[in-house]
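Heads up, the thing below is written out as structure tokens.
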Amino acid sequence: MKYGRFSEDGREYVIERPDTPRPWINYLCNRDGNYVSLLSANAGGYSFVGGPKDGRVTRWRYNSLPEDRPGRYIYLKSADDNDVWALSWQPTAKPVEHYRVRHGLGYTTFSCDYHDIEAEATYFVPLDDPLEIWSVSLTNTASTTQRLEVYPFAEMCLGHALVDLVNKPNDQHFNRLWFDQEANALCSTKTYWVTGDGSTNIQQNKAWDKVAFMTCSLRAESYAGEREVFFGAYRDEHNPVAIENGDLQNTPVSSGNIVSCLQHRIELQAGESIRFHVLLGAVDKADYELGVHALIDHYALPDGVASSLVTVKQYWQNFTSTVQVDTPSETMNRYLNTWNPYQGKVTFLISRNASYYHWGVTRGMGFRDSLQDTISVVMAEPELVRERILLLATYQRSDGVCAHCFHPVSGVAEFTGHKDDPLWLITATWYYLAETGDVSILDAPAPFHDGRDATLLAHLHASVRFIADNLGPNGIPTFGRGDWNDTLDFVGGEDGAGESVWVGMFYAYNLRLFADIAAALLNDNALAKELNAKRAGVTEALNEHAWDGEWYIRAACADGSKLGSSECEEGQIYLNPQTWSILSGVAGERGETALRSAAERLDTDFGPKLLAPAYHEVNDRIGLITRCVWGKKENGSIFNHTTTWAIMAECMLGHAERAIELYERLAPSSFDHERYQVEPYVYAQYTTSDEHETYGQGSHAWLSGTAAWMFRATLDHILGIRVTLEGLRIQPCVPEGWGEYTVVRRYRGTTYRIHVTKDGASEIPGALTVDGERVARDSALPLTGGEVSVMFSSGDVIARSSPS
Ligand code: GLC
């Protein structure tokens, strides 16, 4: 069943059936993620400012049925026959015609025909102002005049989303809503605000620091503020009594659940159109009147809304222009040129904090997640990445332990001691340096969380020490509280003494990156030597103790048993140790065997499973993974994030056909969406494996490390436009059948136009030419600050991409 398609130019996903199997959403965000609005193809979703827990503007109904409630709706009503419908099909679900939702980069447009009214609304968030705009046009296609009522609607949360959820009966007493006549704006706020972790009874002695507002470029006839008055008893979004009666009752609220709804009356002659816009946002309380007035005035300018939308579109055009490819794979062109970098920026802004699966009230920004998210955004916005890496570094203590997650507004952070967290600082820093060459970041101040002064370089050392000082009896890092796989949380045992093979490999990988930085940028050969010696040590330990005969085990458990070994009945083989044995360089000759074992035992139609067989027995000495249903999430699903590493590993062994096959298999647009269910334009965290009856079902769309890593796997490893500390190098690993492809890549101020061909099509077989001059095949491309034309012909060497 098809619910939609990509537009001709691939820049929009056009949904043509309103009843998608799950809500298919978009993220509308400020450039820096301050104001964010999640918006489904039925106008469901929620908005926040600053952060989704502490700064929730509109409400989200957890565990609601229907799932996608509430939303930010535009209700329309015919004053001639009282028929009520919504421009987004839901929540009224009237049989609208020609329904279309176009999710684009930074905006979503709804359109439909009903009651002889052609309606269109584009929702977007401007680049820098804390609000969302709903820009609406209505055309009367009837041969007679129609009298209409228009009702923009949102249900408000106003501050701390978790308190709103668990303490609603009390929370209502602190809500205030009033209509500001002069501004034509419905304003609301809360007189107390919790910003800590506590959610229930702690009513802090401070107010929410924002005022939310809704206004429309049409003059409001009346407004509704109190939810119960608006909906009426035993009703919901689909039939609010106040709209039915055409009487919003002008209820200011000094206690109660708050909604924002405005009533407007218009009359349209036959063929006549009207354009208007709604603003919904939240400004600082300290100067809310000035703030609201300034925003209203700005967007009331003749071109205010239209030019702001153009700016958003230009921003994304520019953002995605950093990398543009033209390859024989339509899928690759579509994702690399548009949707993959777009998803990458969204994950960078939101981390794993707020989606339709992460509800923004508990976890906050993930530390390891956020560091991984930097590695794709760094191509287009290195300044933001620099800032982010330095911010994340301040969430590391001087003993190396990092906050596993934190809330950006309150700074509340949880220091769990996960073993991999600190090492991601090295990975992200290496990618930043390889992209920008900006070595000054290493000297930039970023105090440790316990207050000690430090530079970023000191953090990298702390990360290495954290592992080096905690090696287990076999010389492999101890498991501690856990590693990349959050659900292997009891492998380490009570005192964390088990050993993590994957962390060992990840450690080896980062030691190489750090040594690379030391040698190439710091001129510190002694440090490089020391790091390489550590690397040799852990490599030897892993090969001595972690090789199972056909593959690498996942861990040596605290109780003496193994995880991911042929000795195990369940969880016999894990994907990560096989792929990372290659990414880290630990495997040597064993890499081929390890990858082959993984392919033989883990492959499904939709990519390799994270492990197999999945756990059916709960084992409290392993942890949460065994409590999860088999075939989903970490318990053996096709976890897309890890497949990106498989693609990279295949490229490093020169398996071009296999790499592209995995790439194509993972493309969300290629699935049967009746089965897959979630969005076709972005990667999801996982697809259910063949060990569960919902095989092929996707889940956790949008916020996944897949976005950043898939971008790198495709660009650096398959297409072979590789970043190194010295500059770009060309090392393609593409299938036999590919004739040629081109890549335009902006890098350190130079724009490269790269043309890769097979030998037959090349004037100089097996050669690399730069602006017509032949250079050594492995040369770093020159930085000229202008345009450079690069020709690469593959030659007869087996393509193998290099590490990192
Ligand atoms: C989720 C988490 C990520 C973790 C992974 C495996 O994707 O966001 O941090 O590494 O699950 O547990």
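Both ligands and their constituent atoms are indexed starting at 1 by order of listing. What you see below is based on every heavy atom in this structure, not just the backbone, and it leaves out hydrogens, waters and symmetry mates.
The aromatic rings of H641 and W645 lie tilted to each other, with the angle between the two planes from 30° to 60°. Using bins of under 30°, 30° to 60° and over 60° for the plane-to-plane angle, the ring pair F506/W580 lands in the perpendicular bin. Classification of the F639-Y686 ring pair by plane angle, with boundaries at 30° and 60°, yields parallel.
Residues satisfying the side chain to side chain contact (heavy atoms under 4.5 Å, CB included) test with L165, not counting sequence neighbours, are Y62, L162.
At least one test fails for R712 against the ring of Y431: distance under 6.0 Å to the centre or angle within 45° of the axis.
Near ligand 1, residues R352, R363, R368, D369, W484, N485, D486, E634, F639, Q685 come within 4.0 angstrom through at least one heavy atom.
Between D469 and R465 no salt bridge is recorded (no basic side-chain N to carboxylate O distance below 4.0 Å).
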